[in-house]
Structures are given as structure tokens and as C-alpha cells.
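What follows is one structure encoded as C-alpha cells, with my remarks underneath.
To find a chain, count down the sequence lines: A is the first, B the second, and so on, and within it residues start at 1.
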Amino acid sequence: MYVALTSDSSGGGTLRPVEGQARRVDDLAAAVRELEPRRPRWVWADARQVYPALLAAGVRVARCHDLTLTEALLLAHEGRYGEPRSAEAAHARLHGLPVPEDGDEPTARQDTLFEPERAELGADALAEILADQLARIEALPDPGRFRLLVAAESAGTLIAAEMGHDGMPWRRDVHEELLAELLGPRPVHGMRPAKLQALADQVSAAFGHPVNPDSVQQLVKAFKSAGVALKTTRSSELKQVDHPAVAPLLAYKELARLYSFHGWVWADQWVREGRFRAEYVVGGVVSGRWATSGGGALQIPKVMRKVVVADEGWALIVADAAQLEPRVLAAMAGDRGLATAAGEIDLYSALAKAFGGERDNAKIAMLSAMYGGTSGDAPKLLAVMRERFPRAYRFVEDAAKAGEEGKLVRSWLGRTSPPPSQRWKDLVSGPDGARAARDRGRFTRNFVVQATAAEWALALMAVLRGLLPEPARLVFFQHDEVMVHCPLDQAEQVTAAVATAATEATRLLFGATPVRFPMEAVTVSCYADAK
DNA sequence: AACACTCGCGCC
DNA sequence: AAAGGGCGCGAGTGTT
């Protein structure tokens, strides 16, 4: 049962069972709570506009259909990438009206003097858009897979909102201790922390004059007059240099990053009541990976993990998929040899024999095949791969070739790569054309694998979410890794749920396949102990 | 003053 | 000869 839903700013809204009449309610959260036991699939324009308020009112839902994300997936598949994806735009297209650009949401327009205020779409309009989308899905070559994609993507919006609502445990006190230990006391505004300033002073002393270690220009100039020609100021390049400024400079760079990315200012902005609440953007990456729009949740440095501590009497269940991308490739390509190796817990060890007995060689070969790498031993190892695992090899080669020719590629469930830009088309027929073509080939080569891996991870989370007992909560997700916060006595049940979810995600995407997707969960009280 | 871009580096 | 995919975010730098 689909039920279209709109909300207004007063906490009310409209509901419309797709097979019924629209009805206005004053208390939307109460109405949703009442209907939820019948497990409707809620249809809304954009979860981010609706679901946070429901969560704040203590209401969670099991299923939804996100019209905006579905529209984006459909448009891309239909070769209409970049057309406005909002529900307003979808509705306007259906009625031959002027199509509003994305970002012109009605609420963002109300203070514009000469622009007439655009009315929010009603539940009837949403039902109409849904019917159109379902029909377009049916017309696709593989509607079943695309329906799974839409369901997984929509479930992702629920999870993202819930994780933003619940937050990841974050001990301010432990964080403060760590910052004090590494950087010194919190500085007054605009000043460098003491330990950072000391390192900056050491850099200047080593050069014999003041140098701002944050300035690439000054560093290159200072090294040049010291007789060292640098192409960049990257750490990896600096490490090759023999000069007394290098050691304090490397230490400075590491701490400066910590200070600006995860220091006191960051904590003031993002940590409240012992929780780090990130803003996830579902489908924010073209490959379908999530992005964040603030808080940098997907880039928490390893050194910060000691700050993530379960509440008293609770545990963190941390699980990551081992070697997800090569397994995805094995399953997609239907390469029997690779799939057999991917039936083992350590795929690379299982492959080692084929690559001269070295596990590392197997790893380089697989990564080069998926990323388009060609340096070092890669060409030699790729030749082995072509010989031993021809279907897997051909699968990524075909994707690369399509990209080089400017064609579209798709993930397993039907997410479509962006088309080449006009700039690329101009470039590819010019003197640097071969390079532009190769660059795009690397992108599409990786896209088919990365996007399918993202789909597997989404499916895993959607299933896991449904298996979690109250009051366990998903609190973190990072591409192929999930974290659940739960009472200690639920740890075993959650661990089992993770394994079940991995198996089920594999079945949902690939049906019967010899490929295994190991998802080992560990129970810890502190994230730092998870690896 | 405000914005856009590059560089560098953290994560996968 | 060499050629590695995807992001976010900050400071510095350049442009308007």
C-alpha cells in the first residue's frame, strides 16, 4: 500500500492512499503513527523535508518511496541526466508546465519579491508522480532490479535521517583530553594552539627566517633558497627531502589538519549531548555512495576513533565488508575462477597462487583492474588476470571502453553514470583527446564496481535496520562499514543480524552466487578497539 | 568583501 | 615514459 504524504509548517499535512482520497490532518505525526502498523510505503517528495520532523515527534516508519531520488535515478537511466529532479519539476513535466530548476524549492523563494510564491504540491500530485515513475520503471529492461534500487535508495534516506537524529556516541571529555595532549590547551580565537605554534617556529628556525607552514608558496620559495627544488609540498614528497625543516613541517601538517577538521570549533558545531550528528547526503556521490554536507563524518581520522565510546551498559557493534569491490566484480562478471576465490574469507590469498604465489600481487592486479592502474607491476599482473580470469577482466575493460567512447555505463541495479560533459567532448577531439578518453575510461571502469558495491551496502543496511531490536540503533555508515549502538545484552543478536543482513543483501542483488560477502562484526566499547 | 579555485590530505 | 577510482573540507590564493 502506497500512501502519499505532504507536511506543512504547522505539523499538519495531507495523506492520500494511492487508491483513495486525500485527507487533511492537523497532527501529521499522529496520523502516520496510527497508519504505520499496516506497513504502508510512504510516498513523499523528499525525506529530508518530512522525516526529521516525524523522528522528532518519536515516529519511525518502515518503508518509503522518495520521489526526488527516484526521479534522479530514472532521468539518468533515460539519458536525461541533469534535468531537474524535484517533485515540482516532475509534476511540471507531466503537465507541460515550465519546469523549475532544482534548488528553487518553494520555501527558498518566499522572500523573493518578484517571483510568485509557488504552492507546495499536494498529496494528489505526489500520487500522480508516483504512478508515472512506476510506469517508467516497468518500461525499463530490468524493472525488478531497478525496483530494488529504488527501495534501497529510499531506505537509505530513512537511515540517513535516523542516524542524523540519533547521532554517534562522542565523548566530549575524551576528545578534549586528546586535543590537549596533541595540541595543547584550547587557544583564544585566531591563535595557533601552543604545540602547533612551536612546530611552526621550528620550521621558521630551520630556514632562518619566518615561513608560514600553511602557505604552499612560501614553503616552495623557502626550500628553493635552501637548494631544494620541490614540485609539490605533499608529505610523500617532503619525506624524500633531507632538510631540518622537514620533520617539524610534517608534524605540523598532521596536527594542523586535526586542529582545523576535528578540533574544538568542529566539536562546538557538531557534537551535542554526547552525540555527533552528521548530515548525510544519500546518493550524494554519482556512484551512489553517500556524501556528507557537513561534519565530515566520512573522514573521521583513525586517531579520533578513541573518542567514540558506547554509553554505560551499551556496546558498539562494528562491522565492515571485507574486500567488497573485488567480490562485487566477481559476482557481476560471473567469472567462475574469481567467484571461486571470492568464496573464501581472504579473496587475495585465494588468488595468490594465480599470481606467482604473492598475495600482494593478487591485490595489485585486482585494484588495477578496478581503478585502471598501470604503474609498477600492474601491466604484467593485468596480463595474468586477462589470462586467468577472462570474464572479470573483460567486464571492467568493456566498462572502460564504453567510457572512452563517451557512452553511459550502469551499475548492477541500474544506476547510470553521468554522460560526458561538453567540455570532455571538446577535449576528446583535440590534441589531448587520448588522455581525456583514458581519464573517462578509468571513471566508468570504476563506476560499475563502486556503484554496485554501494548498492550492496545499501541493501545490507536496509535489511539490517529491519532486523534490529529496540532500542538498538544504526549510528554510523561509511561506504562498507556499519556501526550499531545497542545495550550490551543485545550484542549477540545484533552480531547475528549483521551476518543475516549480509547474506540477504547478497541474495537480493545476485541471487544464487558462489561469491561470499564476509561481514565480520566485532563488539567493542570503543571504536578504536574495532580494528 | 565575496566568491571560486587549487592544493593537500583525511576517509573508503 | 608514465599513465589509479570516489568524496569533503580547510587555508591559501586568485578573481571580480
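To the nearest angstrom, P of dG8(B) lies 11 Å from CG of Leu249(A). For Arg289(A) and dC12(B), the CZ to C1' distance is 5 Å, given to the nearest whole Å. For Asp214(A) and dG10(C), the CG to C1' distance is 9 Å, given to the nearest whole Å. Rounded to an integer number of Å, the gap from CZ of Arg435(A) to P of dA3(C) is 10 Å. Here dG10(B) presents its C1' atom at 13 Å from CH2 of Trp266(A), a figure rounded to the nearest Å. A straight line from NZ of Lys221(A) to P of dT13(C) spans 11 Å, rounded to a whole angstrom. The NE2 atom of His479(A) sits 11 Å away from the P atom of dC11(B) (whole-angstrom rounding). Counting to the nearest Å, the P atom of dG8(B) and the CD atom of Glu254(A) are 17 Å from each other.
Taking 3.5 Å as the limit, the base of dG6(C) and the side chain of Gln450(A) contain no donor-acceptor pair of atoms between them. For Arg257(A) against dC9(B), a side-chain N or O and a base N or O form a donor-acceptor pair under 3.5 Å.
Side-chain proximity of Gln299(A) to dG4(C), dG12(C), dG10(B): nearest is dG10(B). Taking every side-chain heavy atom of Asn446(A) into account, dG6(C) is the closest of dG12(C), dG6(C), dG14(C). Listed candidates were dC7(C), dC12(B), dC7(B). Nearest to the side chain of Lys302(A) is dC12(B). With dC9(C), dC12(B), dG14(C) as the choices, the nucleotide that has an atom nearest any side-chain atom of Thr292(A) turns out to be dC9(C). Among the nucleotides dC11(B), dA3(C), dG8(B), the one closest to any side-chain atom of Thr233(A) is dG8(B). You'll find that the side chain of Arg234(A) is closest to dC9(B), out of dG6(C), dG12(C), dC9(B). The side chain of Phe443(A) lies closest to dG6(C), out of dA11(C), dG6(C), dG10(B).
The same atom, P, is picked in dG4(C) and in dC7(B); the two are 16 Å apart, to the nearest Å.
The residue Glu325(A) sits apart from the nucleic acid: no heavy atom pair falls under 4.0 Å. Nucleic acid contact class of Asp320(A) (heavy atoms, under 4.0 Å, all strands): none. Residue Val286(A) is in sugar-phosphate contact alone, with no base atom involved, counting any heavy-atom pair closer than 4.0 Å across all strands shown. At a threshold of 4.0 angstrom between heavy atoms, the contacts of Thr232(A) are confined to the sugar-phosphate backbone, with no base atom among them. At the heavy-atom level, Ser260(A) lies under 4.0 Å from the strands shown only through sugar-phosphate atoms. If you check every strand for non-hydrogen atoms under 4.0 Å, Gly295(A) touches sugar and phosphate atoms only. Nucleic acid contact class of Ile300(A) (heavy atoms, under 4.0 Å, all strands): sugar-phosphate only. No contact: Arg440(A) has no heavy atom under 4.0 Å from any strand.
Heavy-atom contacts from other residues, nucleotides or ligands closer than 6.0 Å to NZ of Lys363(A) number 12 or fewer.
Closest of all the heavy-atom pairs between Asp335(A) and Pro390(A) is OD2-N, 3.5 Å.
For the pairing with Asp346(A), the salt bridge (Lys or Arg N to Asp or Glu O under 4.0 Å) check across Arg327(A), Arg516(A), Arg359(A) returns one residue only, Arg359(A).
For dG8(B), the OP1/OP2 oxygens have no side-chain nitrogen or oxygen of Ser235(A) closer than 4.0 Å. Phosphate proximity of dG5(C) to Arg442(A): present, with a side-chain N or O under 4.0 Å from OP1 or OP2.
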Mind running ring-ring contact (aromatic ring centres under 6.0 Å, His included) on His243(A) and Phe207(A) for me, showing each step along the way?
CA-CA 9 Å; His243(A) 187 279; Phe207(A) 285 121; 5.0 Å; yes

Hey, mind stepping through Phe510(A) and Trp412(A) against ring-ring contact (aromatic ring centres under 6.0 Å, His included) and telling me if it holds?
CA-CA 9 Å; Phe510(A) 301 116; Trp412(A) 186 247; 5.4 Å; yes

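A centroid separation of 6.0 Å or more is found between the aromatic rings of Tyr259(A) and Trp266(A).
By the 4.0 Å N-to-carboxylate-O rule, Asp268(A) lies close enough to Arg186(A) to be salt-bridged with it.
Both stacking criteria are satisfied for Tyr371(A) over the base of dG5(C): a centre-to-centre distance under 5.5 angstrom and an angle between ring planes under 30 degrees.
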